[in-house]
Amino acid sequence: MQIGFIGLGNMGSAMALNLVKAGHEVRAWNRSEVAQKSVPGVTLVKSAADAFQTDAVFTMLSDDPAIRQVILDAGLLVSARPGLIHVVTSTISVAFARELELLHEEAGLGYVSAPVLGRPNVAASGQLNILAAGKADAVAAIEPLLASLGKKVWKLGENPARANAAKLACNMMIAMAIEAMAEGVVLTESVGLDRADFFELILGTLFSGRAYESYSAQIAERSFEPGFKAELALKDMRLATEAGNEIGRTLPMLEAVREGLGKAVSAGFGKKDWSIMADMTVRGGASSASSESNPEKKQ
Ligand code: NAP
């Protein structure tokens with residue numbers, strides 16, 4: 001199958017490579033130059049429009065404005081190959097997913113929302129969890145492709161926005177878990193309990209979930225290389241807030257983690273892993289990440 005791919009960032013490059021490994025011809029476009037040796041087997045094309053002249057195109061750009069600019073404003077839905085299915089794996093807003101669904105319907109194209117759970121290393125090993133929603137025939141047509149990217153495709157029905165709401169809810173809850181662990185460390189380190197011992201205790205008793213396992217390790221090691229950039233996590237908290245506002249709800253814990261991530265980004269740590277938020281909480285607002293490893297701070 002000929003597949004287009006738009007956005008070869010941390011996630012997109014790993015996913016495009018897995019599509020190549022599954023035997024597909026992948027025609028990929030990225031805004032800035034990408035070294036061919038970093039994506040062996042991928043055909044790098046000169047325009048995003050080229051990636052839309054395929055059977056199915058994946059988009060893994062960072063956010064709503066990037067997708068609007070690269071795809072909608074450039075008229076790619078109008079010039080796309082007839083019958084193409086567009087799979088948006090980025091984490092986007094619920095409102096934008098609805099808009100994309102309508103615009104694809106008008107253009108006679110298939111549209112599937114397929115945001116993913118898992119960081120770049122998980123994407124590289126083809127172990128993502130994929131939350132897929134869209135018309136049943138479109139989802140069925142691309143399911144073999146999704147299967148080559150992840151360990152499980154969670155089918156969430158015909159309404160694409162469901163997948164986006166579920167993804168935002170998951171990220172919101174991971175941020176809450178990161179903050180919860182940080183506040184646990186504040187209390188326990190104050191009486192001399194090592195954070196590694198505290199984490200061993202909580203993982204072995206009440207909090208054995210994946211989010212706690214993965215992020216306790218980063219907090220314990222004080223390792224904040226992304227991973228998932230704090231600036232993108234802040235974007236997701238804003239989208240979750242907006243989704244709540246749409247239904248007239250404000251979610252207090254969401255607002256708290258959004259504020260924490262906002263402080264981390266304002267302090268210049270937007271390109272660090274979002275678990276940097278925990279480090280700032282533990283240190284009462286500062287971070288152990290040095291200005292050496294913080295290029296934004298030096299500018
Ligand atoms: P990333 O490494 O920052 O890559 C972002 C990609 O978007 C790059 O290809 C970038 O192009 C492109 N881009 C951004 N703005 C653009 C614009 N205006 N025009 C054209 N291209 C633009 O981010 P990522 O970690 O791969 O994340 C991508 C998406 O996956 C996001 O929606 C994120 O929330 C979601 N996600 C991330 C993770 C994770 O752990 N990293 C996990 C699940 C989901 P350049 O290379 O030219 O900058």
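Computed from a predicted structure; not experimentally measured. When a ligand or atom number is given, it counts from 1 through the structure's own listing order.
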So, are R68 and D64 salt-bridged, with charged N and O less than 4.0 Å apart?
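Answer for the salt bridge query: no.
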Is R81 paired with D55 through a side-chain N to carboxylate O contact shorter than 4.0 Å?
yes
Who's closest to [atom] heavy-atom-wise, of [options]?
{"atom": "atom 29 (C) of ligand 1", "options": "L232, L61, N121, L8", "answer": "L61"}
{"atom": "atom 48 (O) of ligand 1", "options": "M60, E33, R31", "answer": "R31"}
{"atom": "atom 8 (C) of ligand 1", "options": "V70, D64, N30", "answer": "N30"}

Is the closest N or O pair between [X] and ligand 1 shorter than 3.5 Å?
{"X": "R119", "answer": "no"}
{"X": "P120", "answer": "no"}
{"X": "K229", "answer": "yes"}

Does G118 come within less than 4.0 angstrom of ligand 1, counting non-hydrogen atoms of the residue?
yes
Aromatic W274 / basic K272 pairing, under 6.0 angstrom, 45° off normal:
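Relative to the ring axis of W274, which defines the angle, K272 lies outside at least one limit.
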Should the ring pair Y212 and F207 be called parallel, tilted or perpendicular, given that the plane angle runs from 0 to 90° and is split at 30 and 60?
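Correct class here is tilted.
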Identity and distance of the protein heavy atom lying nearest atom 32 (O) of ligand 1:
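Result: S62 O, 2.7 Å.
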If only side-chain N and O atoms count, and only distance matters, is there a donor-acceptor pair under 3.5 Å linking S93 with R98?
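No - no donor-acceptor pair under 3.5 Å links their side chains.
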Are the aromatic ring centres of H86 and F52 under 6.0 angstrom apart?
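So the answer is yes for these two rings.
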